[in-house]
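Note sheet for the following structure.
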There are 2 protein chains.
Amino acid sequence: MAEKRKPRKSVSRLEITAAALQIIDNQGLEALSMRRLAEALSVFPTALYWYFPARNDILEAVAQHVMAGIAPASDLAWQPWLRTFAANLRAAIVRHPNVAPLIGGQLVSNAAGDLEVIEGLLGALSRAGLTGEELVQGYNMVMGALVGFVTQEFARPPEAADPSLRDRVTELARRADPLRHPLLTQNAEALLGRSFVLRWQNGQHQPMGKAYDRLIDSLIAGLEAGRP
Amino acid sequence: MAEKRKPRKSVSRLEITAAALQIIDNQGLEALSMRRLAEALSVFPTALYWYFPARNDILEAVAQHVMAGIAPASDLAWQPWLRTFAANLRAAIVRHPNVAPLIGGQLVSNAAGDLEVIEGLLGALSRAGLTGEELVQGYNMVMGALVGFVTQEFARPPEAADPSLRDRVTELARRADPLRHPLLTQNAEALLGRSFVLRWQNGQHQPMGKAYDRLIDSLIAGLEAGRP
DNA sequence: ACCTGAACACCGTTCAAGT
DNA sequence: ACCTGAACACCGTTCAAGT
């Protein structure tokens, strides 16, 4: 390509969102700058400001796009509804792991701003027997725990597989004293690289689906115990 | 041992970390630039690179500093240990809410890189009857759910109390159709501003301690149900 | 309506030089 | 050992101008 400028390119909110998602998928969240995004669209950086007031609004649109359509059918019994919702939520992040920090980290794009998700979760909890104030607390418990977990599971890695993080984590574990930290010492092999604080890769390379399933079981157990 | 000539401006890792935390507390996470931090310490920006290899490492030090010492005494029964740990974790974030995105969002500073926390949690779960692979999954469940929840609760607000977010959220709720979204419509008053997706302030102004308590109850219920 | 183009006020980081 | 100073390669955003 000798010429990288085309005469005049037309663009749209959806095209911008899709191009932004592609950059985030391929190069990570911090690679998305207005200038690079504009170049990918063969447009001047300032043209983007006609469609979005600021970079943050593009990120919000990306987050909503990734989270769209995760609400299960509303005729499911409440336990299967919760399990399906949890699975859909995690699957959406698995498809686009680099957007994970956007979901939980920023208030604007907190979870899916989707009426079907809200109503669906309220419906499931309502079928579980919750009403009024209990319904609100149950909603926040489930949403906070599930979105929070996957956000953490797919937390942003340092920078392109930093080998020093692995060294630092193994060094941290090596400092464990068998007398003061017996369980850590005994289970070091099973924990290293596979558990929070002691890992150097995120859920893309070390998935935590089993712990996530246990969390859903616990939430359901808690809801069953809490009803009249 | 170098000769101790009186330096004009001397600084240390701890001083840098403390000054960084102060800026984050007062002006928010995005206000922390190397240049501003250096100015607060009356030093040239590049001086900081003698103590930290990069900005990210300063953020990691801040996160660890905030999370230091949250492990409860290890002689507690497992349920009180979990409740105290959860309370200490949230209290640490309440003291420094602006660092919340650092805790869950970045792999390097995922939760507290603290051996006492790891050993303590393993001990509590072990006293709850978990061993081997179950112990690892339980550890990840509790850590991911609790850290994830508070990270979400104190997610970064858009920018200095953006009033348009409030408008957008109320507008979203207004679009709820009483026929298709009956529960959302009926509970709109209780949900608006107080629940995920439908709020415009984070936990600093709208705490979600009750939902957090319910989450801990559920985790304990799940652990009790899951043991032999 | 939609985009270009220049400009402003910032960034993190590297490298050489000073002491 | 510890800091200054200049420089590089970037940023997001504003505003005026073009069509």
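Every chain is numbered from 1 and lettered A, B, ... according to where its sequence line falls, protein lines coming before strand lines.
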Hits for side chain to side chain contact (heavy atoms under 4.5 Å, CB included) against A/Ser74, two or more places apart or cross-chain, chain-then-number order -> none
Tell me, do B/Arg55 and B/Leu59 make a side-chain contact under 4.5 Å, heavy atoms counted?
yes
Closest non-hydrogen contact found for A/Ser10 with A/Glu15 is O-OE1, 3.7 Å
ring-ring contact (aromatic ring centres under 6.0 Å, His included) pairs touching residues 136-155 of chain A, sequence neighbours excluded, are A/Phe149-A/Phe196, A/Phe149-A/Tyr212
Original post:
Any chance CD of B/Glu171 has more than 12 other-residue heavy atoms, nucleotides or ligands included, within less than 6.0 Å?
Top reply: yes
Contacts of B/Ala47 meeting side chain to side chain contact (heavy atoms under 4.5 Å, CB included) (sequence neighbours excluded), chain-then-number -> B/Val43
When rounded to whole Å, the CZ to P distance for the pair A/Arg13 and C/dC2 reads 13 Å
Item to complete: Tell me, yes or no, whether the heavy-atom count around B/Glu39 atom CD, taken from other residues, nucleotides or ligands under 6.0 Å, exceeds 12.
Response: no
Let me check something: any side-chain donor-acceptor pairs from residues 90-105 of chain A under 3.5 Å, sequence neighbours excluded? List them with distances.
{"residue": "A/Arg90", "atom": "NE", "partner": "A/Glu153", "partner atom": "OE1", "Å": "3.0"}
{"residue": "A/Arg90", "atom": "NH2", "partner": "A/Glu153", "partner atom": "OE2", "Å": "2.7"}
{"residue": "A/His96", "atom": "ND1", "partner": "A/Asp25", "partner atom": "OD1", "Å": "3.1"}
{"residue": "A/His96", "atom": "ND1", "partner": "A/Asp25", "partner atom": "OD2", "Å": "2.7"}
{"residue": "A/Asn98", "atom": "ND2", "partner": "A/Ile24", "partner atom": "O", "Å": "2.7"}
{"residue": "A/Asn98", "atom": "ND2", "partner": "A/Asp25", "partner atom": "O", "Å": "3.3"}

Quick test: give all pairs of protein nitrogen or oxygen and nucleotides 11-13 of chain C nitrogen or oxygen below 3.5 Å, distance rounded to 0.1 Å.
{"residue": "C/dC11", "atom": "OP1", "partner": "B/Ser33", "partner atom": "OG", "Å": "3.2"}
{"residue": "C/dC11", "atom": "OP1", "partner": "B/Arg36", "partner atom": "NE", "Å": "3.2"}
{"residue": "C/dC11", "atom": "N4", "partner": "B/Arg35", "partner atom": "NH2", "Å": "3.4"}
{"residue": "C/dG12", "atom": "OP1", "partner": "B/Met34", "partner atom": "N", "Å": "3.3"}
{"residue": "C/dG12", "atom": "OP1", "partner": "B/Arg55", "partner atom": "NE", "Å": "3.3"}
{"residue": "C/dG12", "atom": "OP2", "partner": "B/Met34", "partner atom": "N", "Å": "2.9"}
{"residue": "C/dG12", "atom": "N7", "partner": "B/Arg35", "partner atom": "NH1", "Å": "2.5"}
{"residue": "C/dG12", "atom": "O6", "partner": "B/Arg35", "partner atom": "NH2", "Å": "3.0"}
{"residue": "C/dT13", "atom": "OP2", "partner": "B/Tyr49", "partner atom": "OH", "Å": "3.0"}
{"residue": "C/dT13", "atom": "OP2", "partner": "B/Arg55", "partner atom": "N", "Å": "2.8"}
{"residue": "C/dT13", "atom": "O5'", "partner": "B/Tyr49", "partner atom": "OH", "Å": "3.4"}

Separation of D/dC3 atom C1' from B/Phe52 atom CZ, nearest Å, is 16 Å
To the nearest angstrom, the CD-C1' distance between A/Glu15 and C/dC3 comes to 14 Å
Atom CH2 of B/Trp50 and atom P of C/dA16 are separated, to the nearest Å, by 19 Å
A/Glu39 atom CD is separated from D/dC10 atom C1', nearest whole Å, by 13 Å
Every stem of 3 or more Watson-Crick or G-U pairs under 3.5 Å that DNA chain C joins, in order of first number, is C:4-8 with D:12-16, C:12-16 with D:4-8
task = Quote, to the nearest angstrom, the P distance that separates D/dA9 from C/dA9.
result = 22 Å
